[in-house]
Amino acid sequence: MSHYTEEIKRRRTFAIISHPDAGKTTLTEKFLLYGGAINLAGSVKGKATARHAVSDWMQIEKERGISVTSSVLQFEYDGYCINILDTPGHQDFSEDTYRTLMAADSAVMVIDASKGVEAQTRKLFKVCVMRKIPIFTFINKMDRDANDTFELLDDIEKELGIATCPLNWPIGSGKGFKGVYDREKKCVISYSDTEKGTKEGTATEISAEDEARLREVIGDEAADRLLEEVELLDGASAEFDLDQVRAGDLTPVCFGSALTNFGVEIFLQHFLKMTTTPLPRKADIGLIDPVEHDFSAFVFKIQANMNKAHRDRIAFMRICSGKFDAQMEVRHVQGGKVMRLSQPQQIMADERKILSEAYAGDIIGVFDPGIFSIGDTICMPRENFKYEGIPTFAPEHFARVRQVDTMKRKQFVKGIEQIAQEGAIQIFQEFNTGLEEIIVGVVGVLQFDVLKYRLENEYNVEIRLENLPYEHIRWIENQDEIDISRLTGTSDMKKVKDMKGNPLLLFVHPWSIGMTLERNKGLALAEFGRN
Ligand code: G4P
């Protein structure tokens, strides 16, 4: 095996998905603790502190103390080179959050043990399912009172439709949290939070066969319950099957507490053992193998104005195959040009580092003079293939955009189109009229503010946004077979078209979607838009 193949094979690239406050940041921070490469103080953490430092490129972020961007963290652990893709959460939830998942090979799902599956997890999970990537579950905050363990697993199975396979089993929760039972090793790892977050608490392993010792350490009540639950579990739960995990049909589950750093390293080890090396990716010439094929990448995110002094953009690319060398010439397929990528860099949480080389599985950011679009393919000059496009994700908030000064029509259209090209917003027109009326759709409401701010600051155009009540959008899959003007919808339905003229339907109520399908036999609607 060449050095190059080895580099690719040791890469693991994943995203962490969760609902805000489930503990994603804390878990990421603890992961980093185990990797020596990155200093840990405040490197990810920080609603209040670090996030300012992370990206102070946009006034709006400073004002609100939140991050509109997302970053990549790379660290080494046990011979692996790990890339964690940060998915923006909170109010800054946006299409980028979804797109980040298009660049990951697997996902870690963090669930708050007292809450179960929550809204944002559900949405992100859908994207994982669409991609059929493996999902690993960490049930967090066991040091607080948790829901019943069986119910938590049931919730995941019912809400998300994925089978669960617990790798360990919690013993109590909250004040009564005693540790976890490792199903493979058949032993109990007792809980200690004395090291609060600095390192894994000193674990004591007790074989479950040594019942007397078990009773001594965790107490009779907890021991009785554990033995009973484990018996039940062995009879009831899905068999562990790595193929099913890899296909995204079965999620391995670990319990722990990120804050007190209990169960985190065990989870990381299990995860690394089971997750995949960089996956092959579909292109118009077939599957591209990460090792066999020379360098190729696709753009999954474009971020504007990182440097306020210049109106520059950074295009984020996921390397899908081969080795990237900063000096080499590459082909930008959609732009039809052979070029060198300008200032390739690795964007870490709080720093940017100019790169000389990178490998399949890695994410690089390159300076973009406005030529890249989301989904573009970069490959070797002698090649000319395209990766499968990144879907357009459904916005959930819509507003009509009105220009305050109608004289600045040109700047307005230019600005809004450029911002839409970066993928922060989607723009639509009334179905029957032209450009006069623009409707903008976003995944997270913060994007409305970003749009307003950027149009004012970068294009000198003032706008007013008038919120619309629609929350659901559907793409028409078989538009060639359907006469859109004769479509019978519901009273809360609105027909719009995107900038390419494709028709779409907006709905206020979710049930109207079903009714519209019933009323129009043969109509096929999609939740994702295909480019
Ligand atoms: P997020 O990135 O998913 O939004 O969650 P984050 O890690 O920021 O965690 C949200 C809150 O939950 C934080 O508390 C954090 O300390 C707490 N937390 C995370 N993991 C655990 C855990 O295992 N047990 C307990 N008990 N708490 C946990 P906060 O008070 O909102 O923030 P902070 O003041 O600690 O920064």
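Remember, it's 1-based here, ligands and their atoms both numbered in the order they're listed. Small disclaimer: the values here were computed from a predicted structure and weren't measured.
Near Lys24, meaning under 4.0 Å from any of its heavy atoms, are these atoms of ligand 1: 1 (P), 2 (O), 3 (O), 5 (O), 7 (O). Proximity to Arg144 (heavy-atom distance under 4.0 Å) selects the following atoms of ligand 1: 26 (N), 27 (N). Residue contact check: Ser18 has heavy atoms under 4.0 Å from atoms 3 (O) of ligand 1.
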Evaluate the criterion salt bridge (charged side-chain N to carboxylate O under 4.0 Å, His left out) for residue pair Lys115 and Asp112; output intermediate values, then yes/no. CA-CA 5 Å; Lys115 302 232 169 83; Asp112 182 331; 3.7 Å; yes

For a side-chain contact (heavy atoms from CB on, under 4.5 Å) check, start with the C-alpha distance between Arg318 and Phe298, then their side-chain angles and the critical distance, and finish with the verdict. CA-CA 6 Å; Arg318 149 86 199 225; Phe298 76 95; 3.7 Å; yes

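With sequence neighbours excluded, no residue forms a ring pair (Phe, Tyr, Trp, His ring centres under 6.0 Å) with Phe300.
Under 4.0 angstrom from ligand 1, the non-hydrogen atoms of Pro20 all belong to its backbone. Residue-level proximity to ligand 1 for Asn140 is carried by the side chain, the only part with a heavy atom below 4.0 angstrom.
Lys123 pairs in a side chain to side chain donor-acceptor pair (under 3.5 Å) with only one of the listed residues (Glu118, His19, Glu396), which is Glu396.
Residue contacts with ligand 1: Leu259 is placed with a nitrogen or oxygen under 3.5 Å of a nitrogen or oxygen of the ligand (distance criterion only). Between Thr260 and ligand 1, a contact under 3.5 Å exists for no N or O pair. Of the N or O atoms in Gly256, none lie within a sub-3.5 Å distance of an N or O in ligand 1. At least one N or O atom of Ala258 sits closer than 3.5 Å to an N or O atom of ligand 1.
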Would you give me the side-chain donor-acceptor pairs under 3.5 Å for residues 165-174, sequence neighbours excluded?
residue : atom : partner : partner atom : Å
Asn168  : OD1  : Phe255  : N            : 2.9
Trp169  : NE1  : Glu229  : OE1          : 2.7
Ser173  : OG   : Ala146  : N            : 2.9

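Proximity of Arg122 to Leu160: side-chain heavy atoms (C-beta onward) are separated by under 4.5 Å at one or more points.
Nearest-heavy-atom check against atom 26 (N) of ligand 1 across Asp143, Asn261, Leu27 picks out Asp143. The heavy atom nearest to atom 12 (O) of ligand 1, considering only His19, Lys30, Gln120, Lys141, is found in Lys141. Here atom 2 (O) of ligand 1 lies nearest to Thr25 when heavy atoms of Ile17, Ile139, Thr25 are compared. The option with the heavy atom closest to atom 10 (C) of ligand 1, from among Val264, Asp145, Asp21, Thr26, is Asp21.
Cation-pi geometry between Lys178 and Tyr191 is not met at under 6.0 angstrom from the ring centre and within 45 degrees of the axis.
Note that the CZ atom of Phe138 and the NZ atom of Lys30 stand 10.0 Å from one another [nearest 0.5 Å].
The two atoms that bring Ser18 and Lys24 nearest to each other are OG-CB, 3.4 Å, heavy atoms only.
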